[in-house]
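All values below were derived from every heavy atom in this structure, side-chain atoms included, with hydrogens, water molecules and symmetry-related copies excluded. Lettering of chains follows the sequences in order, A, B, ..., and the numbering in each one begins at 1.
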Amino acid sequence: MQRHDVVVVGAGLAGQRAALAAAQAGADVALVSKLHPLRSHSGAAQGGINAAVGAEDSVETHIYDTVKGSDYLGDQDAIEFFCQSAGPTVVEMEHFGTIFSRGEDGSLARRAFGGAGFPRTIYAADRTGLALLQAIYEHLGGVPVTTYEEWFLLSIVVRDGRVQGIVALDRRTGAVEGIAAKAVVIATGPAGRVYGRTTNAHSCTGDGIAAAYRAGAYLKDMEFVQFHPTALLESGILITEGARGEGGYLKNRLGERFMSKYAPHVLELASRDVVSRAIVTEVNAGNGFPGGYVTLELMHLGREKVESRLQEICDFSRSFAGIDPVTQPIPVMPAQHYMMGGVGTNIRGETNLRGLYAAGEAACVSIHGANRLGGNSLLETLVFGKQAGTAAAAYAKDAPDAAVTPADVDRETAALHALEDRKDGESPQRIRADLQQTMDSRVGIYRNPDDLHRALVEVRALQARWRAVRVEDRSSTYNIDLTDALEVGHLLDLAEVIAVGAIARTESRGAHTRVDFPKRDDQNWMRHTMARRTPEGPELSYAPVAYTRWEPKERVY
Amino acid sequence: MFAEEKLIPVPFDVYRFDPAQGGEPRYQHYELKLAPHTPVLSGLLKIRDEVDPTLALRYSCRSAICGSCAMLVNSKSRLACRTPVGPEVAKHGRVVIDPMRNQPVLRDLVVDQRGFWSNYRRIEPRLLLDPSRPMPEGRPTQMTPAQVDRFRETPRCIACASCYSACPAVEADPEFPGPMALAKLYRFVVDPRDGAHDERLRKVQLSGLWLCLRCHLCTEACPKDVRPSERIRDLKELAVRSQGATERGSRHAVGFLENIAEAGQLNEMKLVRQTDGLVGTVGQLGQGLRLARKKPELLKKPRTIDGVEEVRKLYEALQKDEEVPL
Ligand SMILES: Cc1cc2nc3c(=O)[nH]c(=O)nc-3n(C[C@H](O)[C@H](O)[C@H](O)COP(=O)(O)OP(=O)(O)OC[C@H]3O[C@@H](n4cnc5c(N)ncnc54)[C@H](O)[C@@H]3O)c2cc1C
Ligand code: FES
């Protein structure tokens, strides 16, 4: 059995930043990731990272924009800390070696992003996530951290009221192993594959969120799911907000820049939920193109600008949709993009379980409240990755020794064997397809009680089917059939929490739009949803939102 | 634009091998019907989801950014997620899928990348600071757009190992760190924040830089247009400029250049001396004499060709043009 002070699960930006912080605090750190760290989904982020560093901008307005963007569900103390940390965080990443785009004077170049008062988003061409991921990986290479590459988290071990470590599967050998640790940081990233139409990678299956939930942690605000307004029609591949920041137009079949009807002042730069709803409204009203979509136009920007400033978008449209954005409009529709919810934490990354921490998209602090602003989540991974790593190391210093027992490991081994030994049963891929169908059609941008209830019934039926899932592949080496089955199990847990939370929340706020309750209801719903696992399903309770200075106002753009 | 594309039959032949289970590698045949623009990866995932869940491969982002899905598509190193099936079928009649080369197969299309990563780590891929030039306190370093341009396309690298798979020097010599590692090294050597340029160039001269065969297969294989072979060429030039010709490969290159500039053609005797030094040349005496017996003109000092002035001007112009600014 392996033993460390701190185990960080997930090696995207949040996990690597946490590992770095914990190692710098003197802890013996392990970094466990089902993908090679550089293959993490953080690398796919294109648009940029927010920091109010411009002379005309201020931390104060960044705070205000984030509070307002969150539809007043974000915790204001956390948001203040978050925005104050933005400048130093970006500077630190620059010093680690990030190759940012620059202005003529040699300063960090900035662009305008949705929901922001000023050009505040610092970027690296249109591959900001890759640039940051490379830099932190390179920097971490000079720090003593033990990396378990292509190890898959199976469970978090909790005993005597505190975390004892994890059990994980070595994908290369098929071995199931325990890693004892006094503190565990969950940084396993998004859960977008709950949906079929998503901008997220295939690997974004919410494993760590589900493991924390099963271990007894509270999941917070899971019903808040952000849809990105512009994803390629067929594949769901994201066309970054940067495209609109650079001056792209959204048009319907009638050739109208229809955003003038929904956000007359900022048009295409309105925040994501506003733009996503506008597109769906247009298409539902029959103003979409045949097949149900709108177009994003970049043609008027000219070849030079499109090809230099929006390289990856050009590449994406050409390679994945056969469209040349220099001369053709890009067919787009909204797709699931970001989970505002996650493992509930405070500002230090602590959860309700002793020794369990979370950061990044897998966590919910909450900064984003009911709706995340573009450019704020890359920042979140770094700010709160550092917080969680620092806190985990401090806790581990004084915590009693932890142990993962052979029984802990045997339990997981037996569970895997049960999946493989079944003679008949359904394939995990089949169950996944049905789940995604349910979530796409019933728990989307506009939500009605009928669909939500039906979705819950369907998800529970799928959970029953999953209990008889059969893994056909018997190999011990790189068995994706097996990890598929585990991932689908996680997605089902999370889908259930999303549906239950969405049914309960009888208001519309941020990304959560109930057609039967179209207004925000501050009287009853200015509070966080907390879900705890019970044998009967998720049990909901509610927690207050932290206020400092900003009174809730109606959100208009 | 989105007119229903007609589905075409796509025959896949996919490499299968599980060393843990024993047996021999084989190709398994699958027949799919797909729209021509469908990426190879989508085809393979369809096979996994609907036909055969035992097929092992790496993939994640499906948008050419995570670097997971490099493999051979009809013998070429490609990212499966950005290679459409239509042109493959049109050209080859089918889609033959093999694992990448130069990395042992773990199973089916999954290769062991530990060698690839350890070669990458050899070049010390992180900023190494010069203590006399610390980072500015509390603010970012200044870097002009022109300085950013010097990275060329290297920041686009997704470490997919397509170049590593395509490289004959990697296959021939374990000393060669591979195209990706060298492109990465270039990225640090032109970084104004890095404080170890000379040290990096000194080390790389001695650890494989000149083993590159200049075949450009890496540049052809790279799905992100990073152009590793061009950056390797730049590194050679930077290395010689910073360190002088300290090593066989560089002495050969510099000698070659001087010969031509001097006489407009090669002086083979002199070049051997320049490359291997006096002692080394003695070692090659036997071979040299055998050669000279066959081609006695090699022993004569070659005359200066008529247009040598033109050649020199050409060199000067080229040198100005290709200057890699530091
Ligand atoms: C297409 C796209 C574009 C985006 N653009 C922007 C942008 O411009 N600006 C912005 O601020 N935000 C953007 N975002 C959001 C942002 O990129 C993510 O929220 C953020 O990168 C998440 O980082 P993370 O470290 O939490 O997770 P990830 O980077 O996803 O890392 C998760 C890690 O967990 C590991 N892992 C997962 N499951 C397991 C398991 N079972 N066992 C072991 N390890 C596991 C993975 O291997 C991986 O290393 C974008 C998101 C997408 C999808
Ligand atoms: S799946 Fe990520 S590069 Fe192809």
Side-chain angles (χ1 to χ4, degrees), chain A residues 35-36 38-41 43-44 88 90-91 94-97 99-108 124-125 127 130-131 134 138-139 141-142 172 201-203 233 235 237-238 289 291 312 315-316 319-323 328 331 427-429 433 471-473 475-481 484, chain B residues 1-2 18-21 37 39 42 45 48-50 52-68 81-82 84 106-108 110 112-113 117 121 124-128 135-136 138-145 147-148 151 155-159 187-188 191 193-194 224:
Chain A
L35 306 173
H36 184 280
L38 281 177
R39 317 238 180 268
S40 300
H41 199 52
V90 169
V91 168
E94 199 277 334
H95 289 181
F96 287 173
I99 301 171
F100 286 112
S101 296
R102 301 288 177 147
E104 282 308 321
D105 62 351
S107 64
L108 301 176
R127 45 171 182 273
L130 182 65
Q134 285 172 347
E138 288 157 6
H139 189 80
R172 196 161 54 82
H202 288 283
S203 58
L233 187 61
S235 55
I237 291 173
L238 174 87
F289 289 83
E312 304 273 305
D315 188 38
F316 283 5
S319 317
F320 305 113
I323 298 280
Q328 293 170 294
S427 82
Q429 296 82 17
V471 170
E472 199 178 315
D473 192 354
S475 176
S476 53
T477 314
Y478 231 89
N479 187 334
I480 321 177
D481 204 20
D484 269 358
Chain B
M1 156 181 32
F2 262 92
D18 188 349
Q21 313 258 316
H37 79 271
S42 305
L45 294 185
R48 279 194 42 77
D49 286 356
E50 294 168 17
D52 183 354
T54 69
L55 175 63
L57 71 158
R58 284 195 184 95
Y59 61 95
S60 178
C61 71
R62 56 77 172 93
S63 60
I65 197 72
C66 75
S68 299
C81 68
R82 63 163 299 170
L106 287 174
R107 182 181 172 201
D108 297 345
V110 180
D112 188 343
Q113 303 207 286
W117 290 118
R121 280 193 295 272
E124 294 183 88
R126 62 184 162 276
L127 282 187
L128 299 174
M135 293 287 184
R139 55 191 167 78
T141 21
Q142 293 285 108
M143 205 189 288
T144 61
Q147 284 176 307
V148 173
F151 293 106
R156 301 174 64 157
C157 176
I158 56 172
R187 170 250 172 280
F188 286 101
D191 193 319
R193 296 168 293 192
D194 191 74
K224 303 302 272 189

Looking only at heavy atoms and a cut-off of under 4.5 Å, which of A:Asp315, A:Asn479, A:Leu238 has the most pairs with chain B?
A:Asp315

Heavy atoms only, distances under 4.5 angstrom: which of B:Leu57, B:Asp191, B:Leu55 has the most pairs with chain A? Name it, please.
B:Leu57

Of the backbone (N, CA, C, O) and the side chain (C-beta and beyond), which part of B:Gln147 lies under 4.5 Å from a heavy atom of chain A, both, or neither?
neither

I'd like to verify something: which residue of A:Ala201, A:Ser235, A:Pro428, A:Gly43 has the highest number of heavy-atom pairs under 4.5 Å with chain B?
A:Ala201

With a 4.5 Å cut-off on heavy-atom pairs, point out which of B:Asp112, B:Val110, B:Thr144 contacts chain A the most.
B:Val110

Sort out for me which of B:Cys61, B:Gly138, B:Gly67 touches chain A most, counting heavy-atom pairs under 4.5 Å.
B:Gly67

Say whether A:Arg39 and B:Ser60, considering side chains only, have a donor N or O and an acceptor N or O under 3.5 Å apart.
no

Counting heavy-atom pairs under 4.5 angstrom with chain A, the leader among B:Leu127, B:Leu128, B:Asp194 is B:Leu127

State the CD-OG distance between B:Gln142 and A:Ser107, to the nearest 0.5 angstrom.
6.5 Å

Distance, nearest 0.5 Å, that separates CZ of A:Arg102 from CE of B:Met143
4.5 Å

Sort B:Leu45 into side chain, backbone, both or neither according to what part of it lies under 4.5 angstrom from a heavy atom of chain A.
side chain

Interatomic distance, B:Arg107 atom CZ to A:Ile480 atom CD1 [nearest 0.5 angstrom]
7.5 Å

Tell me, for B:Ala20 versus chain A, whether the close heavy atoms (under 4.5 Å) come from the side chain, the backbone, both or neither.
side chain

B:Arg187 versus chain A, heavy atoms under 4.5 Å apart: side chain, backbone, both or neither?
side chain

Interatomic distance, A:Leu38 atom CG to B:Cys66 atom SG [nearest 0.5 angstrom]:
10.5 Å

Of A:Gly97, A:Ser427, A:Ala131, A:Pro88, the largest count of non-hydrogen pairs under 4.5 angstrom with chain B goes to A:Gly97

Partner chain B: residue of A:Arg172, A:His41, A:His139 with the largest heavy-atom pair count (under 4.5 Å)
A:Arg172

Between A:His202 and B:Tyr59, what is the ring plane arrangement, given parallel below 30°, perpendicular above 60°, and tilted in between?
perpendicular

Less than 4.5 Å to any heavy atom of chain B: does that hold for the side chain of A:Gln134, its backbone, both, or neither?
side chain

Among B:Arg82, B:Arg58, B:Arg62, B:Glu50, single out the residue with the greatest number of heavy-atom pairs under 4.5 Å to chain A.
B:Arg62

Do you know which of B:Cys157, B:Ala159, B:Pro140 has the most heavy-atom pairs with chain A at a distance under 4.5 angstrom?
B:Pro140

Can you tell which part of B:Arg139 gets under 4.5 Å to a heavy atom of chain A, answering side chain, backbone, both or neither?
backbone

Do B:His37 and A:Phe320 have side chains that get closer than 4.5 Å, going by heavy atoms?
no

When rounded to the nearest 0.5 angstrom, what distance separates CG in A:Leu130 from CD1 in B:Ile158?
8.0 Å

Is a side-chain donor-acceptor pair under 3.5 Å present for B:Thr54 with A:Glu472?
no

Worked check of salt bridge (charged side-chain N to carboxylate O under 4.0 Å, His left out) between A:Asp473 and B:Arg48:
CA-CA 11 Å; A:Asp473 192 354; B:Arg48 279 194 42 77; 5.7 Å; no

Does any backbone or side-chain atom of B:Pro84 lie under 4.5 Å from a heavy atom of chain A? Answer side chain, backbone, both or neither.
neither

Residue, of A:Gln429, A:Glu94, A:Arg127, that accumulates the most heavy atom pairs under 4.5 Å with chain B:
A:Glu94

Rounded distance (nearest 0.5 Å) linking atom CZ of A:Phe96 with atom CZ of B:Arg126:
13.0 Å

Ranking A:Gly142, A:Gly291, A:Ser40 by heavy-atom pairs under 4.5 Å to chain B gives rank one to A:Gly142

What part of B:Pro136 gets closer than 4.5 Å to chain A, counting heavy atoms only: side chain, backbone, both or neither?
both

Chain B contact via A:Leu108 - side chain, backbone, both or neither, heavy atoms under 4.5 Å:
side chain

Answer with side chain, backbone, both or neither: which region of A:Asp105 has an atom nearer than 4.5 Å to a non-hydrogen atom of chain B?
backbone

Between B:Asp18 and chain A, with a heavy-atom cut-off of 4.5 Å, which part of the residue counts as in contact: side chain, backbone, both or neither?
side chain

